[in-house]
**Student:** 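The structure under discussion is supplied below as structure tokens; questions concerning it will follow.
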2 protein chains.
Amino acid sequence: MEKQTITIYDVAREANVSMATVSRVVNGNTNVKPATRKKVLEVIDRLDYRPNAVARGLASKKTTTVGVIIPDMTNMFFASLARGIDDVAAMYKYNIILANSDSNGDREVQVLNTLLTKQVDGIIFMGNEITPELREEFRRTKTPIVLAGSIDEENVNPSVNIDYTAAVQEEVKNLIDRGNKKIAFVCGPLSQAINSKYRLKGYKEALKSAGIPYDEKLVFETDNSYKSGMLLQPALSSMGVTAAMVSDDELAAGIMNGMTDAGVKVPSEFEVITSNDTKIAEIVRPKMSSITQPLYDIGAVAMRLLTKLMNNEEVNEKNVLLPYGLMKRDSTK
Amino acid sequence: MEKQTITIYDVAREANVSMATVSRVVNGNTNVKPATRKKVLEVIDRLDYRPNAVARGLASKKTTTVGVIIPDMTNMFFASLARGIDDVAAMYKYNIILANSDSNGDREVQVLNTLLTKQVDGIIFMGNEITPELREEFRRTKTPIVLAGSIDEENVNPSVNIDYTAAVQEEVKNLIDRGNKKIAFVCGPLSQAINSKYRLKGYKEALKSAGIPYDEKLVFETDNSYKSGMLLQPALSSMGVTAAMVSDDELAAGIMNGMTDAGVKVPSEFEVITSNDTKIAEIVRPKMSSITQPLYDIGAVAMRLLTKLMNNEEVNEKNVLLPYGLMKRDSTK
DNA sequence: ATTAGTTTTGAAAACGTTTTCAATTTGCTA
DNA sequence: TAGCAAATTGAAAACGTTTTCAAAACTAAT
């Protein structure tokens, strides 16, 4: 009554052929006489043989599994990317091992190593702060790694993103054009290049073009949480800020609700623009205007890129920038 | 310059011991003389040896990987469960292979089979409709499977849920007590037992206790999407419905926004209660009253249960019901 | 029939571990 | 210091595939 596994050997015996031949038909190798193939397939069917992927992985050194490191799958932004990743992975017959890192450097290194230990064929990394230790691990491995919706300032790994600087710059310019003088820039940790080097740069450029002096006090660094957003209202209001460019949807929803709850009218008295265009932007009232990112596609393209790398195909552009858009909804005038 | 992998054999040679001994120290087996252990550890460190999990899996017949079948990771409800699953999995040194099924029966069967092929040690299944084919596959495998936040009417697999019937019954009773006569029951596919057998039952029971006749017209079957909710307003209003018990948060948000957009005041003119208490319930305005489910815990407990099953430990209760709550927010009077 | 190519096949060696079982070493006790 | 049990080690056989290389079986042309 013990687990009686059927192996390739059993099939070979029953079909009167060698294991090699069975392996060939299982793998769709064409160099098999049709009659033989038929015979083998019949036996496979009769015995209900299922190849053992682990053994296969050991022998072939391919696992058809890729690792996906994600800060938090409960965050709509990353979840959307991950969905794109999984769909394309499935399309190419890969499975994904998904691991949440909570953007914790040590955890990221640890996860990366267990993924490598498990011999994944490739890795997709999401997370915006790449510690020196992590970078070193990236460098050490031969396993291809691509960043999705994530910036590495040293730009050594292939990546898929949008042009955050240009998008923010454009939105802030629009805010200025509508008469806003004091515009807050609210973002996640400034230790993340995506915020400090890219988005903030767009913000500064827009101000500069308009001749508005940059005021450090208008930059609010947060942890990207809804709650943090809610708590920002007093500070924002007391400084006479009339608009905010926000780097995360939950955060933005928090700011907007905080404002509304305090009796500040959005958008007439306060405009908010968010950055990720997740479902949340649409569900919230007023609906939030947003930079639109092709979230699903960022994941999908990243995974597609990874398949090429795993296949040793040539890739022309290692750092892909997908087009972004600006979606006007009801949180802006 | 080829991938020069260090194997256990290299370590054994350098340390002047057998592979068996190296294996023992790597696996923390206590029957190794401290001096030997130290020597081996030094070599491991020097050579930067990393055990190959695939080979290990083949030899030991354990992969320390579990499969997770999820309808859509982009759905906050399931994403929250999955987060609990992954955290507990990590705690017990497992990784998860996550696969989206879109609740498609064929896809579920297919995914299940590739997971089994990959020799996962266990499986967590989310999805509320278990086709006969899928059930048959469940039955065929020896690999333990537990359902998380998902109902199988035949109840053969271990599962973790809340008492959906009681929760709905309680909420609907409250709605009745507040004077609502026409209460809609809005849910996902009635082909899913969780809706047709459990939630609907609670709804009916509440009506019956209050002596209100059950009207099939007040039952709205949807696909659980935000959009479907938005489109429901005309039907709801025209029938004179004053409250809705909804089975999904996005769906509920859609209904609420649909109402509000049409000028119907929530909650004074229309009350809505949702069922999953995801972030969305809190972010939306008015905040939605909801049945509260310990989402993270459902996942966490399911995974914990699975670890026991994988370990052949005794489990006393195979079908766990976690406590639910009722959270009063602003979408009810 | 023979020959020279082509296809098809099979034997056996990987792949990198764990695990079993027996052999060796060690530590105590008398 | 012999004897014995316990602790420590190692040899080699799994684990279930893929892959290489050569042999065998065809095919077609003479």
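Proteins come first, then strands; the chains are lettered A, B, ... in the order of their sequence lines, and each starts at number 1. Values reported hereafter were calculated over all heavy atoms of this structure, with side chains retained and with hydrogens, waters and symmetry mates removed.
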**Student:** What nucleotide, of C:dG16, C:dG10, C:dT17, holds the atom closest to the side chain of A:R24?
**Tutor:** C:dG10

**Student:** By nearest atom, which of the nucleotides D:dT17, C:dA11, C:dC15 is closest to the A:S18 side chain?
**Tutor:** C:dA11

**Student:** Heavy-atom nearest nucleotide on DNA chain C for A:A20 versus B:T21: which residue maps closer to 5'?
**Tutor:** A:A20

**Student:** Is the shortest side-chain N/O distance from B:R56 to OP1 or OP2 of C:dG16 below 4.0 Å?
**Tutor:**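 So the side chain of B:R56 is outside the cut-off, no N or O lying under 4.0 Å from OP1 or OP2 of C:dG16.
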
**Student:** Quick one: on DNA chain D, does B:S60 or B:N16 contact a more 5' nucleotide (nearest heavy atom)?
**Tutor:** B:N16

**Student:** What contact category does B:V26 fall into here, base, sugar-phosphate, or nothing, at under 4.0 angstrom with non-hydrogen atoms?
**Tutor:**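 Nothing: the residue B:V26, judged by heavy atoms under 4.0 Å, touches no strand.
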
**Student:** A:Y9 has an atom OH; how far is it from atom P of C:dG10, in whole Å?
**Tutor:**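 Result: 13 Å.
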
**Student:** Respond yes when some side-chain nitrogen or oxygen of A:N27 is under 4.0 Å from OP1 or OP2 of D:dT18, and no when none is.
**Tutor:** yes

**Student:** Respond yes when some side-chain nitrogen or oxygen of A:K61 is under 4.0 Å from OP1 or OP2 of C:dG16, and no when none is.
**Tutor:** yes

**Student:** Reckon A:T36 has a side-chain N or O less than 4.0 Å from the OP1 or OP2 of C:dT8?
**Tutor:** no

**Student:** Checking side-chain hydrogen bond (donor to acceptor under 3.5 Å, both in side chains) between B:K118 and each of A:T64, A:T63, A:N52, which is the one that passes?
**Tutor:**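 Among the candidates, only A:T64 passes.
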
**Student:** From C-beta outward on A:L58, which listed nucleotide comes closest to its side chain: C:dC15, D:dT17, C:dT18?
**Tutor:**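 Nearest listed nucleotide: C:dC15.
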
**Student:** In whole Å, I'd like the distance from the NZ atom of B:K33 to the P atom of C:dT24.
**Tutor:**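 Atom-to-atom, B:K33 to C:dT24, this comes out as 16 Å.
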
**Student:** How close do B:I130 and B:F125 get, heavy atom to heavy atom, and via which atoms?
**Tutor:**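 Smallest interatomic distance, heavy atoms only, reads CG1-CE2, 4.1 Å.
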
**Student:** Considering all heavy atoms of both residues, which atom of A:G105 and which atom of A:T131 are nearest to each other, and what is their separation?
**Tutor:** CA-CG2, 4.1 Å

**Student:** Check whether any side-chain N or O of B:N31 sits under 4.0 Å from OP1 or OP2 of D:dT9, and answer yes or no.
**Tutor:**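 No.
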
**Student:** So, for A:R107 and A:N100, which heavy atoms are closest and what is the spacing to 0.1 Å?
**Tutor:** NE-O, 3.6 Å

**Student:** Any side-chain N or O of A:S23 under 4.0 Å from OP1/OP2 of D:dT18?
**Tutor:**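 Answer yes for this pair, as a side-chain N or O of A:S23 is under 4.0 Å from OP1 or OP2.
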
